[in-house]
Amino acid sequence: MINTITRHKNINQLSWHTKSTASERDALKNGLSNGVSKSVNKNVNRGLRETAEINFCGLSPNKASWFYKSDKVKWMLENATDKQLIFDAAFALILTCIFRPASIVVLPSKKNKDDQKYAAAHSIASGIIGFAISNIVFTPISNAIKKIKDKPTDFIKDKKLLEIDKGKTILNKTAKNYIDRLPDILGSVPKGILTIALIPPILKYCFGWEKKKPQDKSKTGIPVDYTLLHFKSTNNNDKKSHFVGGLK
Amino acid sequence: MMINQISPKFNTSVQAYTAQTQQINFTATATNAVKVNKSKFFEPVKKFFKPYNKFTNKIKTKIAFGLAKFLGNEHVAKTFRKLKSIVFIDKLRVAHCSALTGLVLSGFYVKKTLENDKLDPNKRRTLAINQALVCGFSTVSAYTLNWYTEKGIKKFTNKYLAVHGKESFKTLEMYKNGINAAKSIMIFGLIYRFIAPVFVTPIANKIGNNIQQKKEAESKVNQSIEKK
């Protein structure tokens with residue numbers, strides 16, 4: 001029965017009958033021409049290539065579905081679950097290396113262009129250093145937590161920290177989460193100090209940037225007209241003005 | 001209307017289609033399962049860290065035992081149990097961790113500013129208050145944004161899980177946790193690392209400078225009155 005077929009999920013996804021033209025539909029009703037069967041086959045084949053189409057917040061399915069099916073998104077979500085610190089550092093890297101420098105340069109400011117460029121380079125350097133430190137320090141901890149998460153009974157003897165979910169013993173999610181983030185909370189201050197300390201040498205030796213020190217006003221002082229010291233006027237005709245001191 | 005009445009050829013083609021779709025759906029899920037975690041975007045970074053990763057793989061068991069010891073501590077276990085029992089804290093634990101990191105770091109910077117001898121005592125105080133206010137504003141706005149986006153993210157999570165409905169329960173759970181964690185990390189990161197330094201700090205500095213200038217002008221006037 002055609003009714004039973006149209007109710008089938010896959011047939012709804014096909015939507016061949018909506019795509020076919022009026023003439024094709026008329027011909028289909030008559031069931032006479034060979035062209036109909038060809039067009040139906042064509043539509044069926046087209047439908048086979050397309051996967052299930054779901055309406056995503058009013059967006060056309062083809063525009064949004066790539067995101068939902070993307071392997072990169074899956075990989076990103078896996079890292080956000082298991083390696084939160086690395087994920088955080090990677091996101092910070094994107095912000096500090098792309099968005100912040102771009103906005104520093106683009107947005108109007110009272111600073112010089114050189115100062116703006118230096119601020120942008122400073123942001124990039126801090127992002128790179130932060131990401132490197134996070135990776136070096138937190139990767140072993142994240143790996144160890146993943147190992148505990150995979151086989152919690154091998155490491156943890158306190159049963160109160162373990163839960164049974166769907167027949168499997170797992171580590172308490174709260175404990176897992178705080179343990180994952182604890183190094184960042186405790187290590188944020190030393191990380192900040194190290195980042196601040198490493199920024200100038202990295203800017204100097206990697207980017208070739210060096211911040212110009214503000215001129216010390218006490219050293220340069222007020223510009224002095226030395227003609228006054230020599231009692232020398234700018235008027236050459238004045239004989240008295242040639243007196244430079246001493247005996248004649 | 002019976003399908004046989006339309007065309008026998010059509011009937012056979014539909015049957016063939018249903019058989020093929022079932023086969024294709026099966027192969028698609030199989031390929032999806034294999035394809036996970038094969039992103040080439042971070043390949044150069046991965047290559048750079050490969051020797052280090054080898055080293056960490058060797059020591060991870062030792063670190064795991066150390067962490068297990070820490071978790072086994074009575075006080076620590078008690079704290080975690082208490083934290084889990086409070087629903088508000090447990091539900092937003094990733095957000096709390098991000099906020100706590102930001103607060104610790106900002107507190108350190110405020111302390112450093114107050115201890116800076118190169119600055120005037122008045123300016124030092126104004127700067128420190130400025131930093132503390134920016135930090136407080138960022139934290140509040142991050143929590144607010146986190147709360148506002150919750151509904152949208154729930155919808156997105158449902159749709160994402162519907163698309164990947166054929167995968168195992170464990171993977172779906174991982175996707176759900178991942179979306180929630182990524183949301184909180186991204187919102188807090190965006191506000192602490194981008195919006196606060198680029199947009200909020202300059203405004204706060206301007207306000208701070210204005211207050212400082214007004215104070216200086218008032219003190220000058222007071223001094224001149226005292227002299228007279």
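The chains referred to below are lettered A, B, ... by the order of the sequence lines, with proteins before strands, and numbering in each begins at 1. Because the structure is predicted, anything quoted here is derived from the model rather than measured.
Interface residues of residues 56-68 of chain B toward chain A, defined by a heavy-atom distance below 4.5 Å and sorted by number: B:Thr56, B:Asn57, B:Ile59, B:Lys60, B:Thr61, B:Ile63, B:Ala64, B:Phe65, B:Leu67, B:Ala68. Interface with chain A: from residues 176-186 of chain B, residues B:Asn177, B:Gly178, B:Ile179, B:Ala181, B:Ala182, B:Ile185, B:Met186 qualify, criterion being any non-hydrogen pair under 4.5 Å.
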Exercise for review: Determine, stepwise, if the pair B:Thr171 / B:Ser168 fulfils side chain to side chain donor-acceptor pair (under 3.5 Å).
Suggested key: CA-CA 5 Å; B:Thr171 327; B:Ser168 68; 2.5 Å; yes

Exercise for review: Report the C-alpha separation of B:Tyr148 and B:Tyr143 in whole Å, then their side-chain angles, then the decisive distance to 0.1 Å, and conclude whether the side-chain contact (heavy atoms from CB on, under 4.5 Å) test is met.
Suggested key: CA-CA 9 Å; B:Tyr148 266 110; B:Tyr143 270 109; over 6 Å; no

**Study point:** From CA spacing to verdict: side-chain contact (heavy atoms from CB on, under 4.5 Å), A:Ser134, A:Leu85
**Key:** CA-CA 7 Å; A:Ser134 297; A:Leu85 290 180; 5.9 Å; no

Exercise for review: Give the C-alpha distance, both sets of side-chain angles, the deciding distance and a yes or no for side chain to side chain donor-acceptor pair (under 3.5 Å) between B:Tyr175 and B:Thr157.
Suggested key: CA-CA 8 Å; B:Tyr175 289 151; B:Thr157 313; over 6 Å; no

Check your understanding: Under the side-chain contact (heavy atoms from CB on, under 4.5 Å) criterion, do A:Asp71 and A:Lys74 qualify, and how do the steps go?
Key -> CA-CA 5 Å; A:Asp71 290 334; A:Lys74 281 181 192 175; 4.0 Å; yes

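By the 4.5 Å heavy-atom criterion applied to side chains, B:Thr139 and B:Tyr192 are counted as neighbours.
Between B:Ser106 and B:Gln131, the side chains place no donor N or O within less than 3.5 Å of an acceptor N or O (distance only, hydrogens not considered). Of the N and O atoms on the side chains of A:Ser126 and A:Ser123, not one donor lies less than 3.5 Å from an acceptor on the other residue.
Of all heavy-atom pairs between A:Arg181 and B:Val94, the closest is NH1-CG1, 3.6 Å.
Only the side chain of A:Leu182 comes within less than 4.5 Å of a heavy atom of chain B; its backbone N, CA, C and O stay farther away. Residue A:Phe99 touches chain B through both its backbone and its side chain, counting heavy-atom pairs closer than 4.5 Å. For a residue to count as touching a neighbouring chain, one of its non-hydrogen atoms must lie under 4.5 Å from one of that chain's; by this rule A:Asp82 does not touch chain B.
In this structure, B:Phe194 and B:Phe199 have perpendicular ring planes: the angle between them is above 60°, well past the 30° mark.
Checked against the 6.0 Å centroid criterion, the rings of A:Phe91 and A:Phe131 do not qualify as a close aromatic pair.
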